[in-house]
S.K.: 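Have a look at the structure that comes next, please.
Just so we're on the same page: letters track the sequence lines, and every chain starts at 1. Worth saying up front: this structure is predicted, and the values here are computed from it rather than measured.
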Number of protein chains: 2
Amino acid sequence: MKWEEFARPSVAVDVAVLTVVPESQPWLGLLVYRRAGDAHPGRWDIPGGFVQAGERLADTVLRVLREKSDVRGLAPTQLHVFDDPKRDERGWVIAVAHMDAVPHQRLQAAMTRRDDVRIVRVQDSDGRVRVQLPGRFRRLPWDHDEIVTMAVERLRERYARHPDPDGLTSSSDEGMTTTTHAPTVPTWDGGPVLGDSQVHALVAGAETGPAFTLTELRRVHEAVAGRPLQRDTFRRMVEPHLHRTAFTSEGRVGRPGVLYVRDDR
Amino acid sequence: MKWEEFARPSVAVDVAVLTVVPESQPWLGLLVYRRAGDAHPGRWDIPGGFVQAGERLADTVLRVLREKSDVRGLAPTQLHVFDDPKRDERGWVIAVAHMDAVPHQRLQAAMTRRDDVRIVRVQDSDGRVRVQLPGRFRRLPWDHDEIVTMAVERLRERYARHPDPDGLTSSSDEGMTTTTHAPTVPTWDGGPVLGDSQVHALVAGAETGPAFTLTELRRVHEAVAGRPLQRDTFRRMVEPHLHRTAFTSEGRVGRPGVLYVRDDR
DNA sequence: CGAATAGTGTCTCTTAGACAATATATA
DNA sequence: TATATATTGTCTAAGAGACACTATTCG
């Protein structure tokens, strides 16, 4: 038997798009859309679809995200291959589960354009990851709850090691108003005097991503972790990996926090 | 376009079978076989093959291991999906890489029966995992070196957390002669007196796996880790997860070590 | 000033790592 | 007894967690 003659399964991808919704108490969100057409019509589900000839799986994920939810994803990560021949009643389908962490800002446009796309809350109840779907169903179809669980676990591992590796911190949003305040004297000795354009770049994040206080960053990490984190311990964890700016937040009660920018690349 | 009409890739599995070869200085080994037939004939490679209709991927892995190397594997674990449409010059093939940790004892029969199956040494040189193949080739065909690297990393993560989770410790082999010595008085107070059959079960491993000293266990972990481990630190790591028997090793110079058995289930 | 938030010093507990002292076998 | 190996005690350094004290802003 030559290798071309082997039976071939259909190969599909499913993707759990996770984000942090920037409210005053940020929360972990999952992108879902309302199914139409073939199977489970009307039910909320995570996007998925079949690989096309010559396509890479990550590209399939990005295409499926555009088609089903009008969302431009970023960098899908493989999670697991679901290979039970009977998992899909429509035939022999092997599904490669993916996750993609996408800043809320990139999802908002699609959310306002379309009514069949939502971001739902992901919560832990007695040790399990649960999704708060609209409507009467409490679970995603097929084994898709399992994919979400894997995606959340993967994201938590990533965030336990590095400060906001996926850039889910977004200032300039309801509840998280962070205006800035330039110091009369720079904090460090002999530091460079920034020109206006540089200040803008730092503050607006044109070069280095948005600036944020450690409290804002911690709230994002708390949303991902699903539990409160220690203030001082968190600071000592992440501060070595960040760039401290000469600016502070403004506009709220209490002592203003120093603004940081990410220190990757 | 209906879903059945999508183009379908061939789906294959590849498997890196890792083992610890029990010599006086145990070492980490990889199962390879000599390719025949279609592509890269004569080159040493890790086993792989195509999924058959209705088959689960893990079963494909076990079947392929039997067919190509006469080896009965155990519990394959998924590592990664290699999906570059041009990775195989023969056509569109998606490969799901697996690893399987198998005790050396289970591999020996196949090794003596067949000349085209070998266990080769896996070593770290300047931060990279390297395989010492027989013959003139220094690398595995296609992207299979990458699979071995992933497999070794995965195994190291597992072994960093638990004592010999895959049961690669095998006593009763050249260089690791571990006979036993029953104590005149049990070490613990009020401990149960073991009958002969129980003693045999403990020592021969009929129930709980083979008994071993902490030094033997540490040498296995050192083979996996690819570096020496601290004696006392290692003991404190693993001892809480083991069952101490009332027996000690025998037959070598120096103080005999206490025999332990695994404490899972 | 009081309330609220940010920043930091310090204490404890745990653990890895290192070293050494003690224990028990063989030759 | 000399040697080799196993076992265990202890010291140190690093890090997580907890707590509290100080700092800086707004109202």
Side-chain angles (χ1 to χ4, degrees), chain A residues 24-26 159-163 169 171 175-185 187-188 211-222 225 227-260, chain B residues 24-26 156 159-163 171 175-185 187-188 211-222 225 227-260:
Chain A
S24 64
Q25 189 67 37
Y159 271 68
R161 278 194 297 274
H162 300 289
T169 305
S171 46
M176 298 202 69
T177 35
T178 299
T179 58
T180 61
H181 178 255
T184 47
V185 173
T187 326
W188 61 77
F212 46 82
T213 65
L214 287 183
T215 299
E216 288 164 352
L217 182 63
R218 179 164 49 82
R219 296 223 189 287
V220 169
H221 275 253
E222 285 173 339
R227 63 187 174 86
L229 300 175
Q230 204 79 8
R231 249 197 329 154
D232 37 14
T233 303
F234 179 77
R235 162 183 295 272
R236 280 186 269 262
M237 284 280 287
V238 301
E239 206 182 10
H241 303 119
L242 298 175
H243 255 322
R244 183 184 189 123
T245 73
F247 305 92
T248 56
S249 68
E250 211 181 45
R252 275 174 298 181
V253 263
R255 175 172 170 174
V258 169
L259 290 177
Y260 289 81
Chain B
S24 64
Q25 190 67 38
R156 284 180 179 166
Y159 271 68
R161 279 195 296 274
H162 300 288
S171 47
M176 298 201 68
T177 35
T178 299
T179 58
T180 60
H181 179 253
T184 48
V185 173
T187 327
W188 60 78
F212 46 82
T213 66
L214 288 183
T215 299
E216 287 164 353
L217 182 63
R218 180 164 48 82
R219 296 222 189 287
V220 169
H221 275 252
E222 285 173 339
R227 63 187 173 88
L229 300 175
Q230 204 77 10
R231 254 195 327 158
D232 36 14
T233 302
F234 179 77
R235 162 184 294 273
R236 280 186 270 262
M237 284 282 286
V238 301
E239 206 182 10
H241 301 121
L242 298 174
H243 255 322
R244 183 185 189 123
T245 72
F247 305 93
T248 55
S249 68
E250 211 180 45
R252 275 173 299 181
V253 263
R255 176 170 169 177
V258 170
L259 290 176
Y260 288 81

S.K.: Among the candidates dA4(D), dT24(C), dG17(C), find the nucleotide nearest to the side-chain atoms of V253(B).
M.R.: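 Minimum distance to the V253(B) side chain belongs to dA4(D).
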S.K.: So, using side chain to side chain donor-acceptor pair (under 3.5 Å) as the criterion, who are the partners of E239(B) when residues are at least two apart?
M.R.: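 Scan of E239(B) (side chain to side chain donor-acceptor pair (under 3.5 Å), adjacent residues dropped) gives Y260(B).
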S.K.: What protein N or O atoms touch nucleotides 11-14 of chain C N or O atoms at under 3.5 angstrom, if any, and at what distances?
M.R.:
none

S.K.: Within the 4.0 Å limit for protein heavy atoms, which parts of nucleotides 8-15 of chain D are touched? Write it as a string from 5' to 3', B for base, S for sugar-phosphate only, - for none.
M.R.: BBB-----
S.K.: With sequence neighbours left out, write down each residue that passes side chain to side chain donor-acceptor pair (under 3.5 Å) with R156(B), or none if nothing qualifies.
M.R.: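 For R156(B), the residues satisfying side chain to side chain donor-acceptor pair (under 3.5 Å) (neighbours in sequence not counted) are D124(B).
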S.K.: Over how many whole Å does the gap from E250(B) atom CD to dT24(C) atom P extend?
M.R.: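 Value for this atom pair: 16 Å.
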S.K.: Checking R227(B) now: which residues fulfil side chain to side chain contact (heavy atoms under 4.5 Å, CB included) with it, not counting sequence neighbours?
M.R.: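 Counting only residues at least two positions away or on another chain, R227(B) forms a side chain to side chain contact (heavy atoms under 4.5 Å, CB included) with A225(B), L229(B).
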S.K.: If I take atom CG in residue L242(B) and atom P in nucleotide dT7(D), what distance separates them, rounded to the nearest angstrom?
M.R.: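 Going from L242(B) (CG) to dT7(D) (P), I get 12 Å.
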S.K.: Considering residues at least two apart in sequence or located in another chain, which fulfil the side chain to side chain donor-acceptor pair (under 3.5 Å) criterion with H162(B)?
M.R.: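 Not a single residue meets the side chain to side chain donor-acceptor pair (under 3.5 Å) criterion with H162(B).
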S.K.: Does OP1 or OP2 of dA18(D) have a side-chain N or O of Q230(A) closer than 4.0 Å?
M.R.: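 Indeed, a polar side-chain atom of Q230(A) lies that close.
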S.K.: Measure the shortest side-chain to side-chain distance between R219(A) and E216(A) over non-hydrogen atoms and say whether it is less than 4.5 angstrom.
M.R.: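 No. Closest side-chain heavy atoms not under 4.5 Å.
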S.K.: Find which nucleotide of DNA chain D each of G254(A) and T233(A) is nearest to by heavy atoms, and output the residue with the more 5' nucleotide.
M.R.: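 First, find each residue's nearest nucleotide; the 5'-ward one identifies T233(A).
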S.K.: State which of dT7(D), dT24(C), dA18(D) makes the closest approach to the side chain of P256(B).
M.R.: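 From the listed options, dT24(C) comes nearest.
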